[in-house]
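Working notes for the structure below.
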There are 2 protein chains.
Amino acid sequence: MRRDVFQAIADPTRRAILSLLAFNAMTPNAIAEHFDSSRQAISKHIKILAECQLLNQEQTGREIYYHFNPQKMQEVDQWVAQFREQWEKRFDQLDALLKKQKNK
Amino acid sequence: MRRDVFQAIADPTRRAILSLLAFNAMTPNAIAEHFDSSRQAISKHIKILAECQLLNQEQTGREIYYHFNPQKMQEVDQWVAQFREQWEKRFDQLDALLKKQKNK
DNA sequence: TATATTTGCAACTGATTGGTTGCGGTTTAA
DNA sequence: TTAAACCGCAACCAATCAGTTGCAAATATA
């Protein structure tokens, strides 16, 4: 079972769930109400997100609140960081070009 | 055919290819030499990366050089950005806690 | 206690994926 | 011109995935 963060955020529905939970913990039913998919389909997505620790559970009675775990998302950020220098370089080049045009 | 950046970087081999091409444009054969997979398997990964514009082609004779396109990777960065505040907040909290411990 | 709500788990299905093999087209070199 | 190198395309296969349906466990409510 391949279950890493990158595989988890590959699905648009799962990305939407993460955006939804970024600032509010929610129960599976509450989450499912925001989508057209069935409760089970959403529940499966939640399971995948929880397995790779992008979500944490907090059980209160029969309800389970799912919390977003920023630490895990940081892994994606750290991977993307290796390319950041590249687009900043290009931006600098564009910037220099624009300045040059302006001074003509 | 779902062909977006997130789906493209979901595969570990494709992520390795991107890291490889980040600073040097390379031909498919040269790329394939860095992996255990066959040339065709790598070629398929390259095709997917090119389709979602993470790679650009530059044909010179019978060789094709693939270049990394930072602009497209920025899309991932922009999506992750919405969560950045979260882990920075937590970091600040941890930082405050550590300072508090220190001053005891 | 009996019933309704919330939820996860298992089985099944159709679609997608990663990989292999074989082939043909184009460019370079002998 | 003939042979080799570089490369993409299409067909095929096993594995995985997203979604549905049915069910059982646990908790809350009447």
Side-chain angles (χ1 to χ4, degrees), chain A residues 1-21 24-69 72 76 79, chain B residues 1-21 24-69 72 76 79:
Chain A
M1 230 175 297
R2 234 176 68 215
R3 209 100 305 172
D4 62 88
V5 187
F6 292 95
Q7 195 263 339
I9 65 168
D11 185 274
T13 304
R14 287 199 286 269
R15 287 202 299 281
I17 291 175
L18 288 169
S19 296
L20 199 59
L21 294 183
N24 290 309
M26 292 171 73
T27 64
N29 269 339
I31 296 168
E33 280 172 12
H34 287 76
F35 299 92
D36 292 334
S37 309
S38 71
R39 180 186 68 82
Q40 296 297 5
I42 297 297
S43 213
K44 271 198 166 186
H45 284 305
I46 292 172
K47 192 187 172 192
I48 290 170
L49 291 169
E51 272 176 8
C52 73
Q53 298 178 304
L54 275 166
L55 298 183
N56 296 323
Q57 302 186 20
E58 178 205 358
Q59 184 127 19
T60 62
R62 69 182 165 185
E63 292 180 331
I64 299 178
Y65 282 86
Y66 285 90
H67 297 257
F68 171 63
N69 174 21
K72 207 66 186 177
V76 179
W79 184 79
Chain B
M1 229 175 299
R2 232 177 67 216
R3 210 84 325 159
D4 63 87
V5 187
F6 292 95
Q7 194 263 340
I9 66 169
D11 185 274
T13 304
R14 288 199 285 270
R15 287 202 298 281
I17 292 175
L18 289 170
S19 297
L20 200 58
L21 295 183
N24 289 309
M26 292 172 73
T27 65
N29 269 340
I31 296 167
E33 279 173 13
H34 287 76
F35 299 91
D36 292 333
S37 308
S38 71
R39 180 185 66 84
Q40 297 296 5
I42 297 299
S43 214
K44 269 197 168 186
H45 285 305
I46 292 172
K47 191 186 172 191
I48 290 170
L49 291 169
E51 273 177 7
C52 73
Q53 300 179 303
L54 274 167
L55 298 183
N56 296 324
Q57 302 186 18
E58 178 205 359
Q59 184 127 16
T60 63
R62 69 184 164 184
E63 292 181 329
I64 298 177
Y65 282 87
Y66 285 91
H67 297 257
F68 171 62
N69 175 21
K72 207 65 187 178
V76 179
W79 184 77

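Just so it is clear, the values below take in all heavy atoms, side chains as well, and ignore hydrogens, waters and symmetry mates. These numbers come from a predicted model, not from an experiment. In what follows, chains carry the letters A, B, and so on, assigned in the order in which the sequence lines appear, proteins first and then strands, with residues in each chain numbered from 1.
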Residues at least two apart in sequence or cross-chain that pass side chain to side chain contact (heavy atoms under 4.5 Å, CB included) with L18(B), listed by chain then number, are W79(A), F83(A), I9(B), L49(B), L54(B), L55(B), F68(B), M73(B)

Sequence neighbours excluded, the answer for side chain to side chain donor-acceptor pair (under 3.5 Å) partners of Q57(A) is none

Requested in this report: Check every strand shown and say whether Y66(B) touches a base, only sugar-phosphate, or nothing at a heavy-atom separation below 4.0 Å.
Outcome: sugar-phosphate

Here the distance between atom C1' of dC7(D) and atom CG of L49(B), to the nearest Å, is 17 Å

In whole angstroms, the gap separating P of dT7(C) from CD of E58(A) amounts to 13 Å

In whole angstroms, the gap separating C1' of dT16(C) from CD of Q7(B) amounts to 9 Å

Taking only side-chain N and O atoms of N29(A), does any of them lie within less than 4.0 angstrom of OP1 or OP2 on dT5(C)? no

Here the distance between atom P of dT16(D) and atom CG of D11(A), to the nearest Å, is 18 Å

Taking N or O atoms only and anything under 3.5 Å, show me the protein contacts with nucleotides 11-13 of chain C, one pair per line.
none

For nucleotides 24-30 of chain C, tabulate all protein N/O to nucleotide N/O atom pairs closer than 3.5 Å, reporting atom names and distance.
unit_1	atom_1	unit_2	atom_2	d
dT27(C)	O3'	R62(B)	N	3.4
dT27(C)	O2	R62(B)	NH1	3.3

Rounded to the nearest 0.5 angstrom, the NZ-CZ distance for K47(B) and R3(B) is 8.0 Å

Interatomic distance, CD@E33(B) vs CZ@R39(B), rounded to 0.5 Å, equals 12.0 Å

Across the strands shown, which category fits T13(A) at heavy-atom distances under 4.0 angstrom: base, sugar-phosphate, nothing?
nothing

When rounded to whole Å, the CD to P distance for the pair E51(A) and dC17(D) reads 10 Å

From CD1 of I48(A) across to C1' of dG8(C) the rounded distance in Å is 14 Å

Short side-chain N/O contact from H45(B) to OP1 or OP2 of dT17(C), under 4.0 Å
no

| So do the side chains of M26(A) and H34(A) get within less than 4.5 Å of each other, counting heavy atoms only? | yes

Across all chains, not counting sequence neighbours, the salt bridge (Lys or Arg N to Asp or Glu O under 4.0 Å) partners of K72(B) are E75(B)

Taken in chain and number order and not counting sequence neighbours, the residues that satisfy side chain to side chain donor-acceptor pair (under 3.5 Å) with S38(B) are none

Rounded to whole Å, CD1 of I9(B) lies from C1' of dT17(C) at a distance of 17 Å

Taken to the nearest 0.5 Å, the spacing of E58(B) CD from I64(B) CD1 works out to 10.5 Å

So CZ of R14(B) and OG of S19(B): to nearest 0.5 Å the spacing works out to 13.5 Å

Within residues 30-42 of chain A, the residues having a heavy atom closer than 4.0 Å to DNA chain D are S38(A), Q40(A), A41(A)

Could you give me the CA-CA distance, side-chain angles and deciding distance for F6(A) and V76(A), then say whether side chain to side chain contact (heavy atoms under 4.5 Å, CB included) is met?
CA-CA 7 Å; F6(A) 292 95; V76(A) 179; 4.2 Å; yes

With sequence neighbours left out, the residues meeting side chain to side chain contact (heavy atoms under 4.5 Å, CB included) with I42(B) are T13(B), I17(B), I31(B), A32(B), F35(B), S37(B), I46(B)

With sequence neighbours left out, the residues meeting side chain to side chain contact (heavy atoms under 4.5 Å, CB included) with T27(A) are N29(A), A30(A), E63(A), Y65(A)

Whole-Å distance, I46(B) CD1 to dG18(C) P, equals 14 Å

